[in-house]
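Order of the sequence lines fixes the chain letters, A, B, ..., with proteins taken first and strands second; residue numbering starts at 1 for each chain.
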Amino acid sequence: MVPVSTYAPLFDLRHTLESGQFFRWTREGDAYTAVRGLRLFRVRQRGTTLEAQGADAWFLQEFLSLDHDLADVERRLRRDRKLWEALDFAPGLRLLRQDPWECTAAFILSIASNIPRITGNVADLARTWGSPLRLGGLAAHAFPRPGQIGDEAGLRRLRLGFRAKYLAQAERLASAGLLEEIAQLPTEEARDALMVVPGVAEKVADCILLFAYGRLEAFPVDTWIRRVLRERFFRGRAVPDRALRAFATERWGDLAGYAQQYLYHWSRSTALARRNAPSPAQLRGRRRCTTMY
DNA sequence: GGCCAGGTCCAAT
DNA sequence: ATTGGACATGGC
């Protein structure tokens, strides 16, 4: 995979794609296969160079936000000592520019769910109603556009649960052009406009603003962020989401969204690593077993 | 086998 | 303006 290569300093493909903002990728070794809109592509990072097929440099620049001044982002966030661990954990992590409709649908599906399940739900929708895509010998499906997707009953058959109704209604609003209008609005108004969509309230709206519309000040408060803020910034005291958002805006300003993504990725990664690591009891048990034989 | 999940909505204070 | 429970499934 070399046909297109582009220079990408202060960028980390793995952290960027695997930080939970995007659900349309698979990995084999260091090579990622991904779908964004109607584009199926493969991409790999070699140092500060990106190699790709199915994607040109212009597309990668846009989708991967290579135009963000990450040196400035990291320098400004690093003034906050409580972000150091999260920043050091994933240097080069960038916020993507996703397709607004795909992002809206994915984060409606994220409600009371988890990343493996969301990924599966999105893949099911694509396989069922999306346009077929090819790249050499590779086949995949685009995420279905508004109008291509099934009705609520059809969506329920894909095991979306109560999210089926939300997605069906969101599709109608998207068909009416709501998501294009939002691009023109200042962030607060865009947020209110998104929250007209059933299934989109504060948290999901902030995800869409951050991951699809480049509103880097948006600060989605989910269970992970709630917990990491409580533990790290509020001495374990419970704080209402509204106050957490206000805190983030006050503390990190127009980069609150970047702070959020570094904190989210770091807290989630370290928590999962702890969960998967053998407990001290298991280690003791294992040692005892090995000495028995 | 339960608990809880990248929440939202609605009804009852 | 806040608060609690229902919502459909499935990871772990």
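Residues satisfying the salt bridge (Lys or Arg N to Asp or Glu O under 4.0 Å) criterion with A:Arg24, sequence neighbours excluded, are absent altogether. Not counting sequence neighbours, the partners of A:Phe59 by the ring pair (Phe, Tyr, Trp, His ring centres under 6.0 Å) test are A:Phe41, A:Phe63. Not counting sequence neighbours, the partners of A:Glu85 by the salt bridge (Lys or Arg N to Asp or Glu O under 4.0 Å) test are A:Arg232. Here A:Glu188 pairs with A:Arg245 under the salt bridge (Lys or Arg N to Asp or Glu O under 4.0 Å) rule; sequence neighbours left out.
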Legend entry - Base versus backbone protein contacts along nucleotides 1-13 of chain B [heavy-atom cut-off under 4.0 Å; B, S, -]: ----BBBBS----
Counting only pairs under 3.5 Å, give me each side-chain donor-acceptor contact of residues 158-166 of chain A, with atom names and distances, residues two or more places apart or in other chains.
unit_1: A:Arg163; atom_1: NE; unit_2: A:Leu109; atom_2: O; d: 3.4
unit_1: A:Arg163; atom_1: NE; unit_2: A:Ile111; atom_2: O; d: 2.8
unit_1: A:Arg163; atom_1: NH1; unit_2: A:Leu160; atom_2: O; d: 3.0
unit_1: A:Arg163; atom_1: NH2; unit_2: A:Ile111; atom_2: O; d: 3.0
unit_1: A:Arg163; atom_1: NH2; unit_2: A:Ala112; atom_2: O; d: 3.1

Show the atom names and distances, to 0.1 Å, of all donor-acceptor pairs under 3.5 Å that link a side chain in residues 207-223 of chain A to residues at least two apart or in another chain.
unit_1: A:Tyr213; atom_1: OH; unit_2: A:Leu179; atom_2: O; d: 2.7
unit_1: A:Arg215; atom_1: NE; unit_2: A:Tyr213; atom_2: O; d: 3.4
unit_1: A:Arg215; atom_1: NH1; unit_2: A:Leu185; atom_2: O; d: 2.9
unit_1: A:Arg215; atom_1: NH1; unit_2: A:Thr187; atom_2: OG1; d: 3.1
unit_1: A:Arg215; atom_1: NH2; unit_2: A:Ala183; atom_2: O; d: 3.3
unit_1: A:Arg215; atom_1: NH2; unit_2: A:Leu185; atom_2: O; d: 3.0
unit_1: A:Glu217; atom_1: OE2; unit_2: A:Thr187; atom_2: OG1; d: 2.6
unit_1: A:Asp222; atom_1: OD1; unit_2: A:Trp224; atom_2: N; d: 3.4
unit_1: A:Asp222; atom_1: OD1; unit_2: A:Ile225; atom_2: N; d: 2.9
unit_1: A:Asp222; atom_1: OD2; unit_2: A:Trp224; atom_2: N; d: 3.4

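Taking atom C1' in both C:dG5 and B:dC4, one finds a spacing of 15 Å when rounded to whole Å. A gap of 14 Å separates the P atoms of C:dA6 and B:dC3, to the nearest Å. Taking atom P in both B:dC9 and C:dG10, the straight-line distance is 23 Å, to the nearest Å. Nucleotides B:dG6 and C:dG4 place their P atoms 22 Å apart, quoted to the nearest Å.
Counting heavy atoms of neighbouring residues, nucleotides and ligands inside a 6.0 Å radius, atom CD of A:Glu250 does not exceed 12 of them.
Note on residues 169-186 of chain A: no pairs pass side chain to side chain donor-acceptor pair (under 3.5 Å), not counting sequence neighbours.
Contacts between chain A and DNA chain C, taken as any atom within less than 4.0 angstrom of a protein heavy atom, begin and end at C:dT2 to C:dC12.
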